[in-house]
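This report refers to the structure that appears directly beneath it.
When a ligand or atom number is given, it counts from 1 through the structure's own listing order. Just the heavy atoms: all of them, side chains too, but no hydrogens, waters or symmetry mates, feed the values below.
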Amino acid sequence: MSERDVFDMVIVGGGLSGAALALALRDMAWRVAVVEPNPPRAPGDAWDARVYAYSPGNVVWLQALGAWNATVRSQPVYAMRIAGDDGGHLAFDALDAGLSELAFIAESNRLHWSLWQGLRAAGNIESIEAETAGVAWGDGEHELILADGRRLQAGLLVGADGAHSWLRAQANIGLTIEDYQHVGVVANFETERPHRGIAYQWFRPDGVLAYLPLPGNRISIVWSTTPEQAEALKALPPDEFTSRVAEAGRHSLGRLQLVTPPQGFPLKRRRAEAWVRPGLVLIGDAAHTVHPLAGQGINLGFRDVRLLAESLRDAQLAPGDLGRLQAYALRRDEDVSSVQFVTGSLKKLFASEEPLLRWLRNTGMTLTDGQAWLKQALMRHAIQ
Ligand SMILES: Cc1cc2nc3c(=O)[nH]c(=O)nc-3n(C[C@H](O)[C@H](O)[C@H](O)COP(=O)(O)OP(=O)(O)OC[C@H]3O[C@@H](n4cnc5c(N)ncnc54)[C@H](O)[C@@H]3O)c2cc1C
């Protein structure tokens, strides 16, 4: 093995979570490798169908990393309007909580590219475009074997390889999965009327529809619905699909024009049975996935990265120090559990056709709307 192949840490997967972790470690003395078979390509002008809501706390952190820059086309969200399926309503306004915004909406591909630009420029990070083939777990040092035969040695392997994590499977870490029986249909539109930085969400008998504001008169939608309805929506001619989205959104923004064709993503709640093993730690979707109705998936991933990077800064300890990694896992598990519980409960509450539950959920929503302190508490958690 050549000396170049010895690292302090190897990150398997260079999606948003893995790339952000590498970048957060850029000024450290450690040598870090990011192994990714499909690095991002330079984005063109076309709008990416993958659009996410990012919390202000994560955006401030990404700004400090230099990744949230002019490359990222983002729209602040100043207010959110939520409607139940039987008259319930709930409104959040940033100003009411003394905030300048509730979230930022931006395309995934541009942020991904920007993170990679940063990590490619860092002297201590090596990006390796390769498929993985195996792992040899050792006593303190471990080897990642690549499909081209190269072997990368490191004290810590990081699983950032997404919901179907290969590395998690290599470590024999089980997974609890709950199928939400929903597919998220995403698409982008131009709107007739300005959105004024307001995000909308409608809880409907067939699922949840969200309008997320994009720069200009544009929105991205996520319509989480049954697999059958998702298939039917995707099969509609563009004009008909557009009318269905406008109608389901109560024509709030006037006429819509389709910008990117609909794509569907099956939605499952996943939770790794362990976040840590000797020589291994999981981050992002490799550790957890959640229903997108609260827009928290990558926000949880970035919060994993923030905590892990911060705790790894204690240079007295080796990267793979188990006590430190276990402390990370314990703290992150709390945040993930509460987000999974709240989103899962909301999804279930609104899935029921029971008339009493329908009345309760709509009344509960409107009652919550009258409780300023409760709304402020909810907003404070969401902005982290
Ligand atoms: C419809 C929908 C809407 C969403 N909306 C939001 C939102 O509004 N806000 C939000 O916070 N989140 C949202 N999410 C969640 C968000 O998409 C994910 O949480 C996020 O993309 C996960 O990033 P990641 O880097 O952890 O994993 P991934 O994006 O899956 O990246 C994993 C990377 O690992 C690589 N890889 C895979 N296998 C290997 C291997 N063997 N070796 C090396 N590399 C490998 C892959 O190529 C990939 O680049 C949404 C999700 C869906 C489905």
Heavy-atom contacts with [X] under 4.0 Å: which atoms of ligand 1 show up? List them by number with element.
X	result
Val35	43 (C), 44 (N)
Thr132	40 (C), 41 (N), 42 (N)
Gly13	34 (O), 35 (C), 43 (C), 44 (N)
Val12	42 (N), 43 (C)
Val186	1 (C)
Gly297	10 (C), 11 (O), 12 (N), 15 (C), 19 (O)
Gly162	27 (O), 30 (O), 32 (C)
Ala53	7 (C), 8 (O), 9 (N), 10 (C), 11 (O)

Which part of [X] is near ligand 1, with near meaning a heavy atom under 4.0 Å away: side chain, backbone, both or neither?
X	result
Ala160	backbone
Trp166	side chain
Leu212	neither
Asn299	both

Among protein heavy atoms, which sits nearest to [atom], and what does the distance come to when rounded to 0.1 Å?
atom	answer
atom 39 (C) of ligand 1	Asp161 CB, 3.6 Å
atom 44 (N) of ligand 1	Pro37 CD, 3.2 Å
atom 11 (O) of ligand 1	Ile298 N, 2.8 Å
atom 3 (C) of ligand 1	Pro292 CB, 3.7 Å
atom 50 (C) of ligand 1	Tyr52 CE2, 3.8 Å

State whether any protein heavy atom lies less than 4.0 Å from atom 27 (O) of ligand 1.
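Yes, because at least one protein heavy atom sits under 4.0 Å from atom 27 (O) of ligand 1.
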
Is there any N or O on [X] that sits under 3.5 Å from an N or O of ligand 1?
X	value
Phe265	no
His112	no
Ala163	no
Leu267	no
Ile283	no

Establish, yes or no, whether a centroid distance under 6.0 Å links the rings of Phe7 and Trp30.
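Phe7 vs Trp30: aromatic centres not under 6.0 Å.
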
I want to confirm something. Looking only at heavy atoms, which of Gly284, Ser17, Gly15 is nearest to atom 24 (P) of ligand 1?
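Nearest heavy atom to atom 24 (P) of ligand 1 lies in Ser17.
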
Taking atom 51 (C) of ligand 1 as the point of reference, which of His182, Arg50, Glu36 owns the nearest heavy atom?
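Nearest option to atom 51 (C) of ligand 1, by heavy atoms: Arg50.
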
So if I apply the side chain to side chain contact (heavy atoms under 4.5 Å, CB included) rule between [X] and each of [options], which one comes out positive?
X	options	result
Leu212	Ile105, Asn188, Val77	Ile105
His291	His182, Lys268, Gln296	His182
Val51	Ile221, Ile219, Leu214	Leu214

For Arg120, give me all partners under salt bridge (Lys or Arg N to Asp or Glu O under 4.0 Å), at least two apart in sequence or on another chain.
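Once residues adjacent in sequence are excluded, Arg120 has no partner under the salt bridge (Lys or Arg N to Asp or Glu O under 4.0 Å) criterion.
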
Honestly, is Arg73 close enough over Trp47, meaning NZ or CZ under 6.0 Å from the six-membered ring centre and within 45° of the axis?
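Yes, cation above the ring, under 6.0 Å and within 45°.
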
Taking the six-membered ring of Phe265, is NZ or CZ of Arg50 closer than 6.0 Å to its centre and within 45° of its axis?
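So Arg50 does make the cation-pi contact.
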
With the 4.5 Å side-chain cut-off for hydrophobic clustering, are Ile82 and Leu209 part of the same group?
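Per the 4.5 Å side-chain linkage, Ile82 and Leu209 are not co-clustered.
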
Would you say Val32 ends up clustered with Leu65 if hydrophobic residues are merged whenever their side chains have heavy atoms under 4.5 Å apart, either directly or through other cluster members?
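Same cluster.
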
Gly297 and His288: which non-hydrogen atoms are nearest, and at how many Å?
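Smallest heavy-atom distance, with atoms named: O-CE1, 4.5 Å.
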
Take atom [atom1] in [X]; do more than 12 heavy atoms of anything else shown fall under 6.0 Å from it?
X	atom1	value
Glu334	CD	no
Trp359	CH2	no
Asp148	CG	yes

Scan the side chains in residues 88-96 for donor-acceptor partners under 3.5 Å anywhere in the protein, sequence neighbours excluded, and list what turns up.
| residue | atom | partner | partner atom | Å |
| --- | --- | --- | --- | --- |
| Asp93 | OD1 | Arg81 | NH1 | 3.3 |
| Asp93 | OD2 | Arg81 | NH2 | 3.3 |

Which of these passes side-chain hydrogen bond (donor to acceptor under 3.5 Å, both in side chains) with Thr289: Arg271, Gln340, Arg270?
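So the option named by the test is Arg270.
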
